[in-house]
Amino acid sequence: MSENSAGNASGPLETALPKGYEPADVEARWGRHWEENKTFTPDPAEVLEGGKQPYSIVIPPPNVTGALHMGHALNLTLQDILCRFMRQQGKSVLWVPGTDHAGIATQNVVERQLKKEGKKRDDLGREAFIDRVWEWRKDYGSRILNQIRRMGASVDWTSERFTLDEGLSKAVREVFVRLFHEGLIYKGNYIVNWCNRCHTALADDEVEHAPKKGKLYRIRYKLADGGGELIVATTRPETLLGDVAVAVHPEDERYTFAVGKNVILPLVGKEIPVIADAYVDREFGTGCLKITPAHDMNDWALARTHNLPVIPVIDDKGFMNENAPAAYQGLASAACREKIVADLDEQGLLVDVADHDHSVGECYRCKSVIEPHVSEQWFVKVGPLAKAARAAVPAETQIFPPQWEKTYYEWLDNIRDWCISRQIWWGHRIPAWTCEACGELLVQTEDPTSCPKCGGALTQEHDVLDTWFSSALWPFSTLGWPDETDKLKAYYPTSVLVTGFDILFFWVARMMMMGIHFKEQVPFKHVYIHALVRDEQGKKMSKSTGNVIDPLEMIAKYGTDSLRFTLTAFAAMGRDIKLSEKRIEGYRHFVNKIWNSARFALMNLPGEPAASLDAALANAPLANRWILHRLEEVKDEVENATLEYRFNDIAQSLYKFIWNEFCDWFVEMAKGDLYGEDEKAKDATRRVLLTVLSETMVLLHPVMPFVTQEIWSVLPGITDKELALAPFPARRPQCRNEAAARGMAFFQGVVGATRTIRTELTIDPAKKLPLIIDTADGYPGAQAVLTENAHLIQQLARIETADIGPGKTGPRASGTAVVEGARIFVPLKGIVDFGAEVARLDKELGKLDKQFAALTAKLSAPGFAGHAPADIVAAEREKLAGLEDAKAKLAELQERLKSALVEG
RNA sequence: GGGCGGAUAGCUCAGCUGGAAGAGCAUCGGCCUUACAAGCCGGAGGUCACAGGUUCGAGCCCUGUUCCGCCUACCA
């Protein structure tokens, strides 16, 4: 092995393949080769001037803070299959890689780093902190990109982008400013999801809900006129300080007496009204709802419809503010809750406390509890944008699988304005300035120096934009927009977006909105939604549960191609993938099989065969005609499956062809010619072997780029050693051959039946047996197929002599089988006890009986002959006849055997 | 509460427009046959969740039920 490895290192082109496939070496070498040669860097001119069709994909940019996980691995594999396939189809393919600056996530990483040094971001100040993040990015930001490299992704590295790089920042400003001047961005005081820890607003979809055990407190609110009380249920008693009303259902007769009156707000003492609103659920709690507009989303909405004031009592860090009674000011909200409960109890206003399970919003980044909070934020008015994005599906953009359309519509139909400001430092700072002197608000792409109105000093908005704001522009910002670059002209709109459904809303819908609005064209023609990768139990992989299968570890152990093939084989549309290491290991065997079949081929291909394929086809043996026929079918299967995103079918089709057909049958049958003396036959079979192997490498290359390229580079007669740029193999209609397929099926049946007899009767494998076949009732080509391939039957079924002909018959003491009408005899004399064979035939007959009964029932069912299509009826009748024949023959053969048994 | 998906061999899953149930892994038996023991040959193993319906015919279409998973809204 060692000398082979050394040979490998010197260069792949001259060296024969080493005995074992060494993925790490091969992957590193070809990965470097592709990048250094810019193999995957297309020239826009070939589209704009050369008339080539464009095919483009923008990678879903992983977070710079991220590490490659199985979801990425699947995502990259599928995109790479599409890109490599489309190159084979002659398209000009651009696959844009890049990373996302991931505002909150990245800021948190660096803040954690600072914490270890005993510092906080405020100690550094904004500028220094941002410098620090850039520094971090310089050191660690390429980690995920290098991991993408290891997947073999055929991205154009010269097109790599970062959502915070200069060009993209320009695009972000352009979009913000234009939306603002179009009235689609506004600023206002609204209630938002607030993370006290991250100290920022979050979008609705950045809030995750988790079940929590809480308490439900019931509190008395006395009527101001002394005419009774209302009991209100709440999980957050501390917010009561900001209550502005109590609401009941308008038809709730228990409370009609109170509507329109005032109640006294406990501990505060002020009067607040009792209002009626159908929003209130009569069944829940007491049916009385306290309204705290500043600290509850729904209360906020109710307050607006009822014109109630908004009184925040908790500040943006989670402490009680000046609106709270003096006794509570400055308390953390949790401490305040305790004090309030105690005070209420003391005053006899607390009815009771009960356990209460409910789901609580958490920050998707730091898992702190989200507190609704009123503050000044920037919003995108999404209504008009969403409408256009909705209308474009499926007319201009199709979603695969289509069931996701409904989810997409659902979300867009219920969309609320998008809060885009974040109170953090790492991100695109909002391009808005306020004049300190006259209050003038400037929103523009270029930094202003002073107020154009009064010349006063300007302060830029402190907030940065939601990370998804820049991600939403990704399909065109990466291509150079707002400049009209050649790249943009050639490759926008992109061909397909490949992603998991978890970011259908976050990202896909927003790209649709922005793409349509700013480019007047959808950003992608197809959206392919792939599965989530789960663990063996179907659970989401996560670090905390420790069920993560690390793709990099799998690559190290089994090679990239094995991992890619596994993910491809499991990527059936619309289903989650339950992955286990076992499966990856299993498909490594397949890589090894391919490798060894190539080694076999090379051993038998001293150079390029002299014969052309057409010459080789003349008088070609069955195996050659058959495998070439199958190759044509596989080309169709692979092409159609890829175009229809049926990735698992690509894998399945190739697996079956390579292993079960090419290796198990063709290669075994070809050995006769390859090892034989007939030079002409040898050369012809070599040509077929080379043709099938090389074209199979092309077909398989999109799924397994490395091993195929490595093999390709040592195949004789290949002029262009760059497999990634080789065209999809041309069709050869002259190789279509149904007769060969039929003949081969029969041949396989005969060999199989013979092998079964041998093994089932535990005949010593080394023992060569005679074989007799009666072809009298076989299909018309049977005799020819068997005589032509008699030597192969001998070889494959370990037979001494094959005596084939119509009416031939074996001794009564024979192992027997019936294949498509032909009777097979394996004389058993002195070899085995006949009892075993009688029993085996009983079993076979039992199977036939079962099938026969089922088919008879079907055919004789009332109406079948009349209603079913004629061709089906005919086919079923033929099947039945075949069964009947086989049954009769087998029974007769068994009788013969039994009589031999009796005679001893 | 609303929506979506799943239930097929011991395990993980295929099964396109309805026409005699498939693969991989695991298992059992036999083979170191000169590309591959990471291999070769053969066997066993399924009332396709349950109940109805449509049809000449249902794993596939329709209705309902039961479990499982996910998404989404709400939870005072």
Rounded distance in Å - CG (A:D281) to C1' (B:rC74):
10 Å
Looking at A:R583, I'd like to know whether one of its side-chain N or O atoms comes within less than 4.0 Å of OP1 or OP2 on B:rU12.
no
Evaluate A:I291 against A:L289 for side chain to side chain contact (heavy atoms under 4.5 Å, CB included), listing each step before the verdict.
CA-CA 6 Å; A:I291 306 294; A:L289 170 64; 4.1 Å; yes
Side chain of A:K858 (C-beta onward), nearest among B:rG19, B:rG5, B:rC25
B:rG19
Is any side-chain N of the basic residue among A:R390 and A:E410 closer than 4.0 Å to the acidic one's carboxylate O?
no
Scan A:K406 against the nucleic acid and name what it touches under 4.0 Å (heavy atoms): base, sugar-phosphate only, or nothing.
sugar-phosphate
Using OP1 and OP2 only, check whether a side-chain N or O of A:H867 sits under 4.0 Å from B:rG57.
no
Could you state the CZ-P distance from A:F657 to B:rA23, rounded to the nearest angstrom?
19 Å
Taken in chain and number order and not counting sequence neighbours, the residues that satisfy ring pair (Phe, Tyr, Trp, His ring centres under 6.0 Å) with A:F590 are A:F565, A:Y655
Looking just at side-chain N and O atoms, do A:T292 and A:K290 make a donor-acceptor pair shorter than 3.5 Å?
yes
So what does A:A854 touch, heavy atoms closer than 4.0 Å: a base, only the sugar-phosphate, or nothing?
nothing
Rounded to whole Å, please give me the gap between CD1 in A:I584 and P in B:rC13.
14 Å
Candidates B:rC56, B:rC70, B:rG43 - which lies nearest the side chain of A:K843:
B:rG43
Please work out if A:I291 contacts a base, only the sugar-phosphate, or nothing of the nucleic acid, heavy-atom cut-off 4.0 Å.
nothing
Counting any heavy atom closer than 4.0 Å, what does A:Y655 reach on the DNA or RNA strands: base, sugar-phosphate only, or nothing?
sugar-phosphate
Are there more than 12 heavy atoms of other residues, nucleotides or ligands under 6.0 Å from atom NZ of A:K887?
yes
Just to be sure I understand the rule, does A:Y279 reach a base, reach only the sugar-phosphate, or reach nothing, if contact means heavy atoms closer than 4.0 Å?
sugar-phosphate
Students often get this wrong, so: under 4.0 angstrom with heavy atoms, is A:V280 touching a base, only sugar-phosphate, or nothing?
base
Its contact letters, B for base, S for sugar-phosphate only and - for none at protein heavy atoms under 4.0 Å, make nucleotides 30-36 of chain B read S--B-BB
What is the distance, rounded to the nearest whole Å, between atom CZ of A:F647 and atom C1' of B:rC16?
17 Å
Would you call A:D673-A:K682 a salt bridge at under 4.0 Å N-O?
no
Atom CZ of A:R254 with >12 non-hydrogen neighbours under 6.0 angstrom
yes
